[in-house]
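All chains are named by letter (A, B, ...) in the order of the sequence lines, taking the proteins before the strands, and each is independently numbered beginning at 1. Computation of the quantities below employed the complete heavy-atom set of this structure, encompassing side-chain atoms and omitting hydrogens, waters and symmetry-equivalent molecules.
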2 protein chains.
Amino acid sequence: MGVVVTGLTIKEVSEKYDIPSETLRYYERVGIIPPVTRTPGGIRDYSDEDIAWVENAKCMRAAGLPIEALIEYLKLFREGDSTFQARLDLLSEQRELLLERQKQLNETINRLNYKISKYESAVKTGKLIWD
Amino acid sequence: MGVVVTGLTIKEVSEKYDIPSETLRYYERVGIIPPVTRTPGGIRDYSDEDIAWVENAKCMRAAGLPIEALIEYLKLFREGDSTFQARLDLLSEQRELLLERQKQLNETINRLNYKISKYESAVKTGKLIWD
DNA sequence: TATTGACTTTGAGTTAACTCAAAGTTGTAT
DNA sequence: ATACAACTTTGAGTTAACTCAAAGTCAATA
């Protein structure tokens with residue numbers, strides 16, 4: 001692979017995006033990325049489009065979107081233009097969930113900031129005020 | 001329970017904080033909250049302090065701090081004033097992780113915002129530009 | 001053309017964090 | 001005092017998302 005113009009091997013994608021090959025195959029198997037382009041021998045040969053799906057999966061999973069939602073999104077995508085509204089709904093719902101999570105995260109970070117400031121004094125004075 | 005001045009039963013705490021009783025017992029068993037005050041009969045009778053620990057556990061878990069870290073924190077807490085620095089380190093490390101997660105979350109929300117705006121046009125025009 | 005290393009599939013195993021079940025105990029309402 | 005719900009403990013089961021293993025296939029090199 002490399003004699004003619006091709007995409008990337010699974011190993012190259014794995015290294016570029018720091019996702020184990022096993023996980024890339026898993027993503028394809030369960031359907032959060034479409035079936036990847038193959039060489040005549042049946043070996044995965046990721047096209048730019050394939051890679052865009054990988055990138056998308058990585059980003060969405062990193063934020064905690066469930067596999068289920070990503071499967072549903074790809075399914076709708078492959079059903080074509082009649083599913084614009086359904087895809088919009090799905091993405092909106094997931095955004096709502098992320099916004100809630102963001103709020104919760106902020107709360108906890110604030111709480112941690114507070115505790116940390118207390119411990120910073122405590123380390124200096126030897127006495128912990130509150131908590 | 002209620003004839004004399006007491007704390008809350010596990011059921012009351014469960015309902016107040018929307019945490020299943022099973023999970024409250026689990027938290028105590030693994031050590032992310034200290035052993036709860038008991039009635040002479042051995043039944044849990046949550047004091048204000050106990051409840052503060054529950055609240056803390058709920059907040060930290062909601063943000064995704066691992067049980068392991070919370071167990072370690074409580075362990076240090078119970079070892080006394082000699083562990084201020086260790087507790088500070090632990091909390092700082094966890095805050096770092098949350099800040100990273102926050103960054104990732106923002107990225108993904110932005111990406112979703114972008115996609116959603118595309119789909120909003122698509123639903124109106126019947127044509128999806130990009131993606 | 002034979003070896004070697006990366007690839008393939010299918011299916012089982014792992015991990016974190018619960019969640020439930022079984023069997024026994026407690027306390028409150030009649 | 002007796003029934004009955006709510007409690008207890010111990011230990012097993014569940015879920016999501018990987019992660020690994022086994023056994024076979026392919027392709028670049030000597």
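Under a 4.0 Å N-O distance rule, the pair A:Glu96/A:Lys103 does not qualify as a salt bridge.
In this structure, A:Tyr27 does not reach the D:dA17 phosphate: none of its side-chain N or O atoms is under 4.0 Å from OP1 or OP2.
Here C:dC18 presents its P atom at 11 Å from CD1 of B:Ile71, a figure rounded to the nearest Å. For the pair B:Tyr26 OH and D:dG11 P, the computed distance is 16 Å after rounding to whole Å. Between B:Ile32 atom CD1 and C:dA17 atom C1' the separation is 10 Å, expressed in whole Å. Following rounding to the nearest Å, B:Glu22 (CD) and D:dC7 (C1') show an atom-to-atom distance of 11 Å. Protein atom CD of B:Glu15 is 10 Å distant from nucleotide atom P of D:dA6, rounded to whole Å. In this structure, the CG atom of B:Asp45 is 18 Å from the P atom of D:dA6, given to the nearest Å. When rounded to the nearest whole Å, the span between CZ of B:Arg29 and C1' of D:dT8 equals 13 Å. Rounded to whole angstrom, the span from the CD atom of A:Glu28 across to the P atom of C:dT10 amounts to 12 Å.
Here B:Arg78 pairs with nothing under the salt bridge (charged side-chain N to carboxylate O under 4.0 Å, His left out) rule; sequence neighbours left out. For the side chain to side chain contact (heavy atoms under 4.5 Å, CB included) test, residues two or more places apart in sequence or in another chain that qualify with B:Glu15 are B:Lys11. Evaluation of the side chain to side chain contact (heavy atoms under 4.5 Å, CB included) rule for A:Tyr114 yields A:Lys118, A:Trp130 as partners, not counting sequence neighbours. Residues meeting the side-chain hydrogen bond (donor to acceptor under 3.5 Å, both in side chains) test with A:Ser14, sequence neighbours left out: none. Applying the side-chain hydrogen bond (donor to acceptor under 3.5 Å, both in side chains) criterion to B:Arg61, with sequence neighbours excluded, gives no partner residue. Not counting sequence neighbours, the partners of B:Asn106 by the side-chain hydrogen bond (donor to acceptor under 3.5 Å, both in side chains) test are A:Gln102. Applying the side-chain hydrogen bond (donor to acceptor under 3.5 Å, both in side chains) rule to B:Glu79 yields the partners B:Lys75; only residues at least two apart in sequence or on another chain are considered.
Between B:Trp53 and B:Phe77, the distance from one ring center to the other falls under 6.0 angstrom.
Using a 4.0 Å cutoff on non-hydrogen atoms, the parts of residues 62-69 of chain A near DNA chain D are A:Pro66, A:Ile67, ordered by number.
Distances from the side chain of B:Arg61 to the nucleotides D:dA27, D:dT10, C:dA17 place C:dA17 closest.
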Interface polar pairs with nucleotides 3-8 of chain C, N/O, under 3.5 angstrom:
{"unit_1": "C:dT8", "atom_1": "OP1", "unit_2": "A:Arg44", "atom_2": "N", "d": "3.2"}
{"unit_1": "C:dT8", "atom_1": "OP1", "unit_2": "A:Arg44", "atom_2": "NH1", "d": "2.8"}
{"unit_1": "C:dT8", "atom_1": "OP2", "unit_2": "A:Arg25", "atom_2": "NE", "d": "2.8"}
{"unit_1": "C:dT8", "atom_1": "OP2", "unit_2": "A:Arg25", "atom_2": "NH2", "d": "3.1"}
{"unit_1": "C:dT8", "atom_1": "OP2", "unit_2": "A:Arg44", "atom_2": "NH1", "d": "3.4"}

